[in-house]
Amino acid sequence: MRLDFLGNLRRTHMCGELRLEHAGQQVVLLGWVNRRRDLGNVIFIDIRDRNGMTQLVFDKGENAAMHEKASALRSEYVIAAIGKVRRRSADTINPNIATGEVEVTVDELKVLNDSKLPPFLPSDTSIANEEVRLKYRYIDLRREQMQANIELRHNVAMAIRQSLSGQGFFEIETPFMTRSTPEGARDYLVPSRVYPGSFYALPQSPQLFKQILMISGFDKYFQIVRCFRDEDLRADRQPEFTQIDLEMSFPQMDRVFEVVEKFLEAAFKAAGIELKSPFLRMTYDEALRQYGNDKPDMRLPAMSDIRPAFTDEDLAELRIDPSMEMVAIRIPKVGKISDREKKEIRALSDELAKRNGNFAGVFYDFSQMEKKRPAVASKIREICGAEPDDLIVPVVAIASAEGKTHSAANKRAQFTVAGEARLELGRKYADRHNAFVRSGDAARDFRFLWVTDFPMFEYDEKDQRWNAAHHPFTSPHDHDMDKLESDPGAVRALAYDVVLNGTELGSGSIRIHRQDIQRKIFHSLGMSDEEAKSRFGFFLEALEYGTPPHGGIALGLDRIVMILAGADSLREVIPFPKTAKAVDLMVDAPTPVSDVQLRDLGIVVKPQR
RNA sequence: GGGGACGUAGUUCAGUUGGUUAGAACGCUGCCCUGUCACGGCAGAGGCCGCGGGUUCGAGUCCCGUCGUCCCCGCCA
């Protein structure tokens, strides 16, 4: 096949643009052959670009030469069609496409490029498996759905940029090659050639740089920025991902919330969704108590405290430990539960109890309770606001002979188990109860929530020490400062998460701006002055030079777009994502490198194979 | 690191209790067709059943290992 050059040919319209009003006009369309329908003496070609599709007509009776040329076209050839827009006769209108009222009769066809037959076609109705899609990502990205997702991503990012810029934020770049601060996630390391044995690290977040930008007097900073974490992947976790990172000087928490609500409103508006602000708020303790979870899905019913349903005699006879929490999970509209499912629910109880260590709670078989203790059962139904078809699972603790289950940690574990059970059961019965059904109203119901007052520290049982729950630059509550030494577990932080329908979208805090407090925190974390200095010396020093009170937040752009696109995986909204084993199937990375490269870097590697 | 699901034609899948020549749809190639739009009709090509080993007279099917993809737990301050 002879290929044509573009020459000085200029596109007049995109392929999805033509309407009735264009009838009679001479147009130039440039794009790909989406489908061809060869009827013998007439050939229809759908020409496609990112904007849509137009039907081209090649009629042998009208233009034999062009018809001949068109008969050689195949899927994904790149063509230029010069022709006239024609109104379709009433019986040939295609209401399924935007350009369905017109077609283009082609006077001149240029084949700008041919194409090997791809392993799958963008126009295929069934979607190829992900391994194939990722290897031939450039084909996959031609699919209408992927084009829409990437466009949505662009629109959302632009709306956020505009909103933040309008709110007085500067977009400022921070380095990708920076310093390793081993804590939290593993760093991706970049070896230095100039200093053999030394490494840069790719940032897990621009945390310290953005704080230093506040010290530098920039007042309000943001960046839509790539971050890197060398940890195992999930459907909603990629090793490189994009954050909307921002920091501001002199804010209270509420000011940060206002800024975020404003740009999220703009972002969702770009996707055609009106949000209600301000968002709901809930403290960490409340969230745990009501949902057993620090990122509750507000579309779901909260758990209920069912203690009032029991008399003391009930508790004694049922051997329920009254010092523990008593809550019930309600999953709406599940309907009848089979014996097998009851067994599965009990098994889930055991599994979750095991996962949460020493917790001694159980799921009570509610149907049995309804038989044996109808008064208690109906009281529980009442407390939960249960409808007849709802599944109720009471979570209580059975009094043990040793009576060992009363610690605060165990109570917390009990809420957690109940919360996890609620999620698992919700997933399990998703096709039956309506709250999780994607196609239902729930899929377009966006319930934002601010979770506040996170604990400052978490105790690490394994290492027998306190860790920063958020990060060590988070400011404790003013009035909890005196508990830093005496009762670290009770110290609340000025830290907050923004949560959407059970997904954590972002996390931030008011930071420590005083060097004396920062030192205290490092002490509480069991870090000596020397150690703090060697790891964060540059930052501690910066804090000493007139640091304004400041705070900020970072939100996952990929997750926001994923939710807006109604996708199940980040890979659907990231153009070139990695597999669950962190491999890029298209470029085949990572790869071994040459000995010469390694020698230059002063690295000796033992071959693995 | 652990658990689970999957791997058969270019693609999506079926393949019974282990039994003759491994099927379908879409795609592809050729022919026919002037109003299709997921065009239609006829004919055809296309398979290391992921890979390696084992059990068996006989393996796509059973067993072991291995590789890959996906999901979950751990991990992700």
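Chain identifiers are assigned alphabetically (A, B, ...) following the order of the sequence lines, protein sequences preceding nucleic acid strands; residue numbering begins at 1 within each chain.
Which of B/G10, B/C28, B/A38 sits closest to the side chain of A/Asn96 comes down to B/A38. The nucleotide whose nearest atom lies closest to any side-chain atom of A/Ala185 is, among B/C76, B/C33, B/A38, B/C76. Among the nucleotides B/A38, B/C70, B/U34, the one closest to the side chain of A/Ala580 is B/C70. Considering only side-chain atoms of A/Thr579, the nucleotide from B/C70, B/U12, B/C76 that sits closest is B/C70. Listed candidates were B/C37, B/A77, B/G27. Nearest to the side chain of A/Arg88 is B/C37. Closest to the side chain of A/Pro472, from the set B/A77, B/U69, B/U34, is B/A77. Between B/A77, B/C72, B/U11, one nucleotide has an atom nearer to the side chain of A/Ala128 than all others, and that is B/U11. The side chain of A/Thr92 lies closest to B/C37, out of B/U12, B/C37, B/C72. Residue A/Leu117 has its side chain nearest to B/G27 when only B/C39, B/C72, B/G27 are considered.
In this structure A/Asp46 satisfies the salt bridge (charged side-chain N to carboxylate O under 4.0 Å, His left out) test together with A/Arg37, sequence neighbours excluded.
Residue contacts for A/Glu103: at a heavy-atom cut-off of 4.0 Å it reaches a base atom on one of the strands shown. Contact annotation for A/Ile127: backbone-only contact, meaning every heavy-atom pair under 4.0 Å involves sugar-phosphate atoms and none involves a base. Across all strands shown, A/Arg234 has heavy atoms under 4.0 Å from base atoms, whether or not it also approaches the sugar-phosphate. Nucleic acid contact class of A/Asp124 (heavy atoms, under 4.0 Å, all strands): none. Within the 4.0 angstrom heavy-atom criterion, no nucleotide atom of any strand lies near A/Ile97. Residue A/Arg559 is classed as having no contact, given no heavy-atom separation below 4.0 Å to the nucleic acid.
Aromatic ring pairs are classed by plane angle as parallel below 30°, tilted from 30° to 60° and perpendicular above 60°; the pair A/Tyr136 and A/Tyr138 is perpendicular.
With hydrogens and angles ignored, no donor-acceptor pair under 3.5 angstrom links the side chain of A/Glu130 to the base of B/G68. Side chain A/Arg36 to base B/C39: no donor-acceptor pair is found below 3.5 Å. Taking only distance into account, the side chain of A/Arg133 never meets the base of B/U69 through a donor-acceptor pair shorter than 3.5 Å. Looking at A/Arg237, its side chain comes within 3.5 Å of the base of B/C76 through a donor and an acceptor atom. For a distance-only test at 3.5 Å, the side chain of A/Arg86 qualifies as a donor-acceptor partner of the base of B/G35.
Taking the P atoms as reference points, B/C28 lies 14 Å from B/U11, given to the whole Å. Comparing the C1' positions of B/U12 and B/C49 gives a spacing of 16 Å, expressed to the nearest Å. Taking atom C1' in both B/U29 and B/C72, the straight-line distance is 45 Å, to the nearest Å.
Taking atom CG of residue A/Leu570 and atom C1' of nucleotide B/C76, one finds them 13 Å apart after rounding to whole Å. The separation between A/Glu231 atom CD and B/G1 atom C1' is 12 Å, rounded to whole Å. If you take CG of A/Asp46 and C1' of B/U36, they are 9 Å apart, rounded to a whole angstrom. When the C1' atom of B/G74 is taken as reference, atom CZ of A/Arg186 falls 11 Å away, rounded to whole Å. To the nearest angstrom, P of B/C75 lies 11 Å from CG of A/Asp232. The CZ atom of A/Phe58 sits 18 Å away from the P atom of B/C37 (whole-angstrom rounding). Rounded to a whole Å, the NZ atom of A/Lys581 is 13 Å from the C1' atom of B/C71.
Each of A/Arg571 and A/Val42 was assigned the nucleotide of RNA chain B with the nearest heavy atom; the assignment lying further toward the 5' end belongs to A/Val42. In terms of position along RNA chain B, the nucleotide closest to A/Val132 lies nearer the 5' end than the nucleotide closest to the other residue of the pair A/Val132 and A/Ser569.
Defined by atom type and a distance below 3.5 Å, a donor-acceptor pair is missing between the side-chain atoms of A/Thr283 and A/Asp285. Counting only N and O atoms by type, the side chains of A/Asp529 and A/His523 include a donor and acceptor under 3.5 Å apart.
Ring-to-base geometry does not place A/Phe120 in a stacked arrangement with B/U11 (centre distance under 5.5 Å, plane angle under 30° required).
Under the Watson-Crick or G-U wobble criterion, with both distances below 3.5 Å, B/U36 is left unpaired in every strand shown. In this structure B/C62 sits in a base pair with B/G54, meeting the Watson-Crick or G-U test at under 3.5 Å. In this entry B/G74 has no Watson-Crick or G-U wobble partner, no candidate having both defining distances under 3.5 Å. Pairing for B/C6 goes to B/G68, judged as Watson-Crick or G-U wobble with the two contacts each under 3.5 Å.
Within a 6.0 Å radius of NZ in A/Lys483, other residues, nucleotides and ligands contribute more than 12 heavy atoms.
A/Thr178 places no side-chain N or O within donor-acceptor distance of the main-chain N or O of A/Pro175, the cut-off being under 3.5 Å. Checking side-chain atoms of A/Lys210 against main-chain N and O of A/Leu246 turns up a donor-acceptor pair under 3.5 Å.
Contact detail for A/Asp453 and A/Tyr284: the closest heavy-atom pair is O-CB, 3.5 Å.
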